[in-house]
Amino acid sequence: MSDGLKRSSRETASPILKVDALSLSFGGLRALSGVSFEVREGSITALIGPNGAGKTSMFNAISGFYRPNTGRIIFDGEDISRERPPSRAKRGLARTFQNIALFRGMTVLDNIKLGRHAHLKTNVLDALFYRGRAHREEMELRAEVEERIIDFLEIQHIRHASVGALPYGLQKRVELARALAMRPRILMLDEPVAGMNREETEDMARFILDVKEEWGITILMVEHDMGMVMDISDHVVVLNFGQVIAQGRPAEVQNDPAVISAYLGSGDLAERIRKTEAA
Amino acid sequence: MDAEILLNINNVEVVYNRTIQVLRGLSLRVPKGEIVALLGSNGAGKSTTLKAVSNLLELEDGAVTAGQIEFDGTDLATLTPHGLVRRGLFHVMEGRRIFEDLTVEENLTAATFSLSGRGLPITPFDLVYSYFPRLYERRKGLAGYLSGGEQQMLAIGRALISKPKLILLDEPSLGLSPKLVEEIFTIIARINREQGVSMLLVEQNAAVAFSVASYGYIMEMGKVVIDGPVERLVKDQDVQEFYLGLGGGGAHKSYRDVKHYKRRKRWLS
Amino acid sequence: IHAGIQDYLKLVNDEGGIKGRKIRYVAEDTGYKVDASVAAFNKITSQNKVTLYYGDSTGFAKTINPELERKGTMIMAGASFASELNDPKKFPLQFLPGPDYTEMFGILMRYIAKEKPGASVAFVYSDTEFGRDPIAPSEKLATELGLKVAEKIVTPPGSVDVSTEVLKLRRARPDYTIFHGYVLAPIPEFIQQAKQMGMQSRFMGTFWSMDNSMVQQMGEAADGFMGVMPYRYYYDKEGTSPMLDKIRQMRPEYQSTAYMQGFLTAMLMTEAVKRTLDAGKELTGTNMKASLNTIKDFDTGGIVGVPVSIPGNSLPVGRIYRFDAKQKQMLPASDWIQLGK
Amino acid sequence: MDWLYIFEVSLAGLGAGALYALTGVAFVLIYKATRVVNLAIGEILMLGGYVFFGLVAGAGLSVWAAIPLTILAGAGLGAVVERALIRPMLGESPISVFMVTIGLGSILAGLVELGWGADPLRLPEFIPNTPIFLGEAYVAPKVAYGALVAALLIAGALAALRFSRGGVALRATARDQGAAYSMGIDVGRVFSLSWMAACATAAGAGVIVGAIGGISPTMGIFGLSVLVVVIVGGLDSVAGALVGGLLIGLVEALAGSFLGGEYKLLATFSLLILILMIRPYGIFGTHEIERL
Amino acid sequence: MRIGTLKLSYAADEALFDTKVQWICLALLGLSLILFPFVAGPYWIYMACLVAINVASATGLNILTGYTGLVSLGQAAFMGVGAYTVAVLETRVGTPFIINLLAAGGMTAAVGVVFGIPSLRVKGLYLAIATIAASMILHFVFSHWDLTGGTRGLSMPPASLFGLALDQPHKLYWLIIPVTALMVLGAANLFRTRIGRAFIAIRDRDISAEVLGIPLLQTKLTSFALSSFYAGVAGGMWAYFFRVVTPESFPLINSIFYLAAIIVGGMGTILGGILGATFMTLVPEVLKLVVGWLTPWVPDALSLLAPIRTIVFGALIVGFLIFEPQGLAEIWQRIRRFFHLWPFRT
Ligand SMILES: Nc1ncnc2c1ncn2[C@@H]1O[C@H](COP(=O)(O)OP(=O)(O)OP(=O)(O)O)[C@@H](O)[C@H]1O
Ligand SMILES: Nc1ncnc2c1ncn2[C@@H]1O[C@H](COP(=O)(O)OP(=O)(O)OP(=O)(O)O)[C@@H](O)[C@H]1O
Ligand SMILES: [Mg+2]
Ligand SMILES: [Mg+2]
C-alpha cells in the first residue's frame with residue numbers, strides 16, 4: 001500500500017485505533033485479509049467499499065463480536081485483540097448497527113441508560129434492595145442522560161415511548177443516543193443514514209459533526225451515501241474483497257480509478273440509462 | 001397520462017392495530033408499462049401503501065378502512081395475497097426479505113408458486129441469470145450469506161420469475177453501494193423496457209428514482225402532497241431542496257454547511 | 001371408591017345411623033395432587049366437624065399426619081397401601097383397609113413357597129414410590145421363605161415399549177413373576193411377549209392391577225394371571241355373604257375392587273365409631289383408633305372371606321385369585337391367607 | 001459378553017426407536033412449515049389411539065376400516081387445530097405458540113378422560129402374533145411390524161420433501177410468512193396441510209403405540225421422549241428425526257438393560273444435554289443465521 | 001382521576017409507586033394482608049399461603065423467562081431442590097428456619113447456575129427442552145439419593161420461632177407473606193437498575209447486548225441464579241408448609257403450571273407474576289365450587305371434576321394467549337387507564 005497516501009493525510013494527532021494486518025474468514029470465505037488502517041483521534045474516518053467487502057465484519061471484529069484469525073487491534077496504545085466485547089465496550093468502543101438493534105421491550109430512556117451498563121457498579125444485592133449505591137447511581141445516570149444526551153439529540157418528547165413504535169429515523173437517533181451513553185472515545189456508526197432522505201440525512205450529518213466537534217469523540221463510520229461521506233469525513237478507507245484498495249482524503253479517494261471501478265461507478269446514472277435505452 | 005391504468009389507488013386509509021392511522025386518503029395511479037416513483041420522508045407511509053396494495057397488511061395487524069384499490073380492473077379487497085401474486089402483481093418487499101436458509105436456486109423455486117393458476121409453464125431460470133450473472137455463480141449458496149447487493153438482485157430476480165404485470169419495489173437501493181445502485185437501476189430500466197413490466201417504485205434516493213421513472217408522487221403524513229411528470233417535479237424548488245439536495249440556483253449543498261434551522265416545506269404550510 | 005363409601009354409609013344411615021347418629025359424607029376431588037388434597041382437607045375440616053376421613057395418596061397421608069395428630073379428632077384411611085403407613089407409632093391415627101404392599105408380596109410369596117418350594121421369582125416394578133415400596137423387605141422375605149429372587153426389573157414411569165425388559169426377564173427364567181406399581185400397561189404386553197418367547201413363568205399382580213375389568217382388558221395375556229386380593233369379587237358367590245348380596249341388590253352391574261375397598265373402609269370406620277360409643281368414650285382419634293384395634297375376628301359380611309382383625313394399622317389378609325379366560329372372571333386359587341397367624 | 005443378548009436388546013431398541021422417529025417426523029413436519037414446537041404431539045397420538053379404540057370397540061368397525069378412519073380423523077383434528085389455535089397466533093413469539101400447544105395437550109388429555117375415563121384401556125389385537133426370529137434373535141412382532149410401517153412412512157415423507165417443490169414452500173413459509181405470500185405461496189394452505197399431514201401421522205403412530213402399550217389419558221408422556229428425539233436430531237430435519245429416534249431408542253434399550261429401567265430417562269436426557277452442548281441445534285438442525 | 005402528573009425530580013419519576021393514589025392502594029393492600037388472618041377461616045388462610053408460595057416462585061420464573069427470555073421448564077424441580085435443602089437441614093442439622101430458607105435459596109441458585117450453563121450456546125426452545133432434561137436429572141437424584149430419602153422422601157418438623165412451632169397455616173402465614181412480599185419488592189427494584197436492564201436487553205437481542213458491554217454468560221447465569229434463588233426459597237416455604245417432601249411433589253406439570261401462570265398474568269411484568277399465580281391457584285378452587293353447586297343436578301359431577309380441571313387449565317392458557325396475549329397485567333393496566341383519563345403515560 002502506498003506510503004504516499006498515508007503521509008498525505010493532514011492530521012497530526014496520534015491514532016486512537018489501529019488495525020494491524022487483520023484477517024478473518026468464515027469457513028472458506030475470506031471476509032478480511034490483512035487489513036491495516038488507523039483512525040486518528042478527533043477525526044471522522046469513513047470506511048467505504050462495495051457490498052460484502054467486509055466493512056460490517058471489520059466493525060464486528062473491532063467490537064469483538066467476531067474473532068479475527070490473525071492480526072491485532074490496538075486501541076489507545078493497547079492490544080485489545082484478545083478481549084471480550086464487554087470489556088472493549090468499557091474501554092470506550094461504542095457502535096450502532098447496520099440493522100437497528102434497539103431493545104424493543106424497553107422505553108427509549110431505558111435503551112439509552114443501558115448503554116452505560118459497563119460503567120455502573122450496582123450488583124445484584126444492591127439492586128434487590130435499591131438502596132445506597134443502586135439508588136445514587138441511577139439518579140446520577142438519569143440526570144446525565146437527560147441533560148446531555150436527550151437534550152442534545154432533541155428526543156425529549158419520545159423518552160418514555162417504547163422504541164418499537166418509533167419511525168425509522170428516530171430509532172437511528174436513539175441508537176446514537178445509546179452509543180453516546182456508553183462514554184465512547186470512538187464511535188463506530190454502521191450506515192447511519194441508510195434509508196433516509198436528503199432532509200433526514202442532513203440532520204444526522206449535523207449530529208455527527210457536533211459529536212465530533214463538541215464532544216470531542218472520534219468517529220469511524222461505514223456509509224454508502226457518498227454525498228455525505230465526502231462532505232463530512234476527514235479520512236476515507238476503501239475496502240474491496242476484504243482488502244484496503246485505497247485511503248486518503250475524500251477528494252483523493254473519489255478520483256482513484258480503482259475506487260471508481262470497484263465502488264463508485266460512473267456516477268452518472270441518468271445518462272447511462274439513457275445510453276442503454278438508446279442502444 | 002392516457003395509457004391504460006394498471007393500478008388505481010383511490011382515497012385509501014389504513015389503520016394499524018385499530019388505533020394508528022397511517023394513510024389518510026391516498027390516491028395514486030400506475031399506467032401500464034410505466035415506472036412510477038413514490039417518494040416521501042421516513043414514516044410517511046410508503047411501505048404501508050405497497051403493503052395495502054399487495055394485501056399484506058393483515059400480517060401486521062393493519063387494515064384498509066376506507067377507499068379502494070383496483071389492479072387490472074379487479075377490486076383487490078376480494079383477493080388473497082397469494083392470489084394477487086398469481087394474477088401478476090409482485091411485491092419486492094422492504095429489506096429484501098429473501099429466504100436466508102434456502103439456496104439462491106431454492107429462492108427462485110419458491111417464486112415459481114406465483115405461476116400456479118395462470119397456466120404458465122415453469123421455465124428454467126435463464127432469464128433471471130441473464131440479467132444477474134452473479135446469481136448464477138452463487139446459485140447453490142445459501143442466500144443468507146449473499147452480500148446486500150446480491151440479495152437485492154435475488155429479490156428482483158424472484159419477481160422476474162413470476163412474469164408479472166406490475167412490480168412493487170420498496171427501496172431497492174437501500175444499503176447498496178453507489179455502483180450497485182447504478183447497476184440495479186439500469187437493470188430495472190431494462191426490465192421495464194424489454195419486458196414491458198410496470199413498476200411502482202418507492203425510493204429515498206430521489207435522483208436515482210427520477211432517472212428511471214416517468215411520473216412521481218411525493219407523500220407526507222399519509223397523503224400525496226405533490227405529483228406530476230418527472231420533468232416537472234425536478235424543477236420544483238422544494239423537491240430540489242429537500243429531495244435532491246440542491247441549494248438555490250441548482251448547486252449542490254455541502255453537508256458541512258447545513259444549518260440547524262430549516263425552511264419549512266411549502267406543501268406543509 | 002367414592003361409590004363404595006357412599007353406599008355403605010347409606011346402608012348405615014337407612015338403618016338409623018350409629019346409635020342414632022347419622023353420618024354425613026362430604027367428598028372432594030383432588031386429582032391425586034398433594035396440595036389439592038391438603039386444600040381439600042383444610043376446607044372440609046374447617047367447614048365440618050369431621051371424625052372419619054378418607055384421603056387419597058401416600059403423599060397426602062404423610063403430609064397430613066402431623067395435622068391429624070394435632071387435631072386428634074379423627075381417624076383416617078386412604079387409597080394407598082404403602083408399607084410406610086403401616087406403622088402405628090408413626091401414623092397412630094391412620095389405618096389401611098387391607099394388607100400393605102409388603103404384606104401383599106408376603107401373601108403371594110407364601111403361596112409360591114407352598115406351591116413350589118425353592119422357586120425363583122422376579123419382581124417387575126415401576127420406578128415410583130408406589131412401585132418401589134415393597135421391594136427391599138420382600139427380597140428379605142424371599143430368602144426367609146427359601147425363594148430365589150432371580151431378577152428385579154424397574155420400568156420408568158409411563159414407559160410403553162417393554163421389549164428390552166422382557167428380554168432381560170427371559171434371561172432370568174423365573175418360575176414366578178410379580179408385577180407391582182402398575183394398573184394395566186405394560187403388564188399385558190410383557191406377558192404376551194414373554195409367552196411368545198416361550199417363557200413358562202407364572203405372572204402375578206397386586207391390588208391395583210387385579211380388578212376384574214382391568215384383567216379382562218389384558219386380552220390373551222390375562223389367561224392364568226394371578227394375584228392377591230384382600231376382598232371378594234363382586235360376583236363371588238361362594239359361602240354366605242350378606243353384604244355382597246346387598247351390594248348386588250343396590251348395584252346390579254359389576255363393581256370394582258376399589259368399590260369394595262371404599263365399602264370396607266366405611267364399614268371398619270363406622271364399626272370403630274360404634275365401638276367407641278359403646279364404650280361410652282368420646283369420639284377422639286385415639287379412642288377410635290383404639291376401638292379399631294379391638295376389632296378381632298370381625299365378620300365383614302363376606303366382603304373379606306374370613307373374619308378379620310386389625311392388630312396394627314393394616315388388615316393383613318388376602319387370597320390368591322387366578323383369571324379364568326372362559327368365565328372371564330378371577331377365580332380363587334388359594335385359601336384366604338392371613339399373615340401373622 | 002452375551003452378544004446375542006446385546007443384539008436382541010439393540011433390535012428391540014431400534015424397533016422402539018422407529019416409532020419415536022415416526023412421531024418425530026410428524027413433529028418436524030409442523031416445525032418445518034410453521035416454526036411451531038408442538039408439545040401436544042403426544043396427546044394427538046393418544047387421541048389417535050382412542051379414536052381407533054372408539055371405532056373398533058364402540059362403533060364395531062373392523063380394524064382395517066378403523067385404521068384409515070383414524071388417520072383421517074387425525075388429519076381433521078390437524079385442520080381444526082391449525083385453523084382455530086395456530087392461525088390466530090401468526091406472528092406471536094415462539095414461546096407463546098409453544099405454550100398454546102401445551103394448553104392444547106392439556107385440553108385433549110382432559111377430553112379423552114372425560115369421554116373414556118381415566119382407566120387404561122387395551123386395543124384389540126390386530127398385529128400378527130407369530131414370533132419373529134432374526135437368526136436366533138427374537139424380535140417382538142408388534143415392534144417389528146410397527147418399525148416396518150414407520151420406516152415406510154418416513155421414507156415417503158423424505159422423498160416427498162426432497163423431490164417436490166413442497167419442501168421449498170414449507171421452508172419458505174417457515175422462514176418468513178409475509179415473503180412467502182409475496183412469492184404466491186398459499187401460506188394458509190401450507191399451514192393446514194402440514195398440520196393435517198402431521199396429525200394424521202401422529203394418529204397413525206398412536207394406533208401402533210397403543211397396540212403395543214395400551215392406551216390411557218397419560219399416554220401423552222410418549223411425546224416427551226419424542227421431544228428428546230427431535231431436539232437431538234434437530235427440530236427441522238426429517239433425517240434428524242430418523243437418526244434421533246433410532247439413537248434414543250437404542251440408548252434407552254441399552255441403558256434399560258445394562259443399568260436398569262430407572263436409568264432410561266436419565267440416560268436419554270443426559271445425552272440430550274451433551275448433544276446440545278456440542279451442537280446447539282441438534283445433530284442435523286440448521287443453525288440460525290445470526291448477523292449484526 | 002388525575003390529569004397528568006408533574007414530576008419535580010428524577011427520583012420521583014423513577015419511583016416504583018409514583019402517585020398518592022398508588023400509595024394509598026398499597027397501604028390498603030398491606031393492611032388487608034395484615035387483617036386477613038383475623039377474619040378469614042383456616043381454609044382461606046391456607047389458600048392465601050399457597051398463593052403466596054406460588055407468587056414467589058412465579059416471580060422468580062418471570063425474572064428468567066419473562067424478563068431475560070430464557071424459557072425454563074425446570075422451575076418445579078428447582079423448588080424441589082429448595083424444599084429438600086430445607087428438609088435436610090431441618091431434620092439433620094436443626095438450624096433456624098431463616099437460615100434454612102436462605103440456604104435453600106443459595107443451594108438452588110448454585111444448582112440453577114450449573115443447569116444454566118448450556119444457555120450460552122443453546123437458545124430458545126432448545127433451551128426450554130434442556131431445562132426439562134435438567135428437571136428429569138434432578139428428579140432422578142431426588143428419588144435415588146439416600147440423603148433425600150429416595151422415593152419415600154423426607155418428613156420434617158415444623159419451623160419454630162422462639163420455641164413456637166409454626167405448624168399451622170395461620171402461623172406460617174406470618175412467615176410466608178412477608179417473605180414473599182420482600183421477594184416481589186426485590187424483583188421490582190431489580191428492574192430499575194442496570195441488572196434488570198441487562199436482562200431485558202438479553203431477552204430482546206442477546207448478541208447486540210454483548211457488544212454494548214453486557215457480559216452474556218455472567219448475566220444469563222445471574223438471571224438463572226436469581227430465578228432459582230426465588231424458586232429455592234419458595235420451595236423451602238413449600239416444605240415448611242407441607243412438611244413432607246417427596247420426589248413426586250414437584251412434577252414437570254408444576255413447571256408448566258408456573259410458566260402458564262406468568263403467561264396468563266403477563267410475561268415480563270412484576271404484576272403479571274402476582275396476578276397469574278394467584279389466578280391459576282384459585283381457578284381450580286372456583287371450579288370445585290361450581291361443581292359443588294352442580295352436584296344436586298348432575299350426580300356424577302365430582303368424577304367429572306378431574307378431566308374438567310385439566311381442560312380448563314389448557315383452555316385458560318390457550319384462551320389467554322389468543323385473546324389477551326399480554327395477560328392479566330394488561331387488563332389491569334387498561335382498567336387503570338380507564339380511570340386515569342390520561343392515556344399517554346402510565
Ligand atoms: N457470520 C457470517 N458467516 C458467514 N459469512 C459471513 C458472516 N458475516 C459476514 N459474512 C460474509 O462476509 C462478507 C463480508 O460481509 P459484511 O457484512 O462485512 O459486508 P459489508 O461490507 O458490511 O457489506 P454491506 O455494505 O452490504 O453491509 C460477505 O460476503 C458476507 O456474506
Ligand atoms: N405494523 C405496524 N404497526 C404499527 N405501526 C406501524 C406498523 N408499520 C408501520 N407503522 C407506522 O406507520 C408509519 C408509516 O410506516 P411505513 O413503513 O409505511 O413508512 P415508510 O414511508 O415506508 O417509511 P420508511 O422510509 O422508514 O420505510 C410509521 O410511523 C410507522 O411507525
Ligand atoms: Mg455492512
Ligand atoms: Mg418503508
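All values reported here derive from a predicted model rather than from experimental measurement. Chain letters run A, B, ... following the sequence lines, proteins first and then strands; every chain starts at 1.
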Mind checking the OG1-CG spacing from C/T164 to D/L11? Nearest 0.5 Å is all I need. 12.0 Å

Any idea which heavy atoms bring D/K264 and C/P156 closest together, and the distance? CD-CG, 3.6 Å

Can you check whether D/F258's main-chain N or O pairs, donor with acceptor, with C/K168's side chain at less than 3.5 Å? no

Check each atom of D/V143 against the heavy atoms of chain C and say whether the ones under 4.5 Å are side chain, backbone, both or neither. side chain

Between OH on residue D/Y263 and CG on residue C/D127, distance to nearest 0.5 Å: 9.5 Å

Assess the residue pair D/R122 and C/Q216 against the criterion (side-chain contact (heavy atoms from CB on, under 4.5 Å)); give the C-alpha distance rounded to whole Å, side-chain angles, the decisive distance to 0.1 Å, and a yes or no. CA-CA 10 Å; D/R122 226 172 127 61; C/Q216 263 189 49; over 6 Å; no

Once rounded to the nearest 0.5 Å, what's the spacing between atom OG of D/S257 and atom CG of C/L169? 13.0 Å

Might you point out which heavy atoms bring C/Q217 and D/L121 nearest each other, and give the distance in Å? OE1-CA, 2.6 Å

Check whether any side-chain heavy atom of D/P120 lies under 4.5 Å from a side-chain heavy atom of C/M214, and answer yes or no. yes

Heavy-atom pair with the smallest gap, counting every atom of D/I212 and C/E189: O-OE1, 2.8 Å

So which of C/Q192, C/R171, C/M197 has the biggest tally of heavy-atom pairs under 4.5 Å with chain D? C/R171

More than 12 heavy atoms of other residues, nucleotides or ligands under 6.0 Å from CZ of C/R132: is that the case? yes

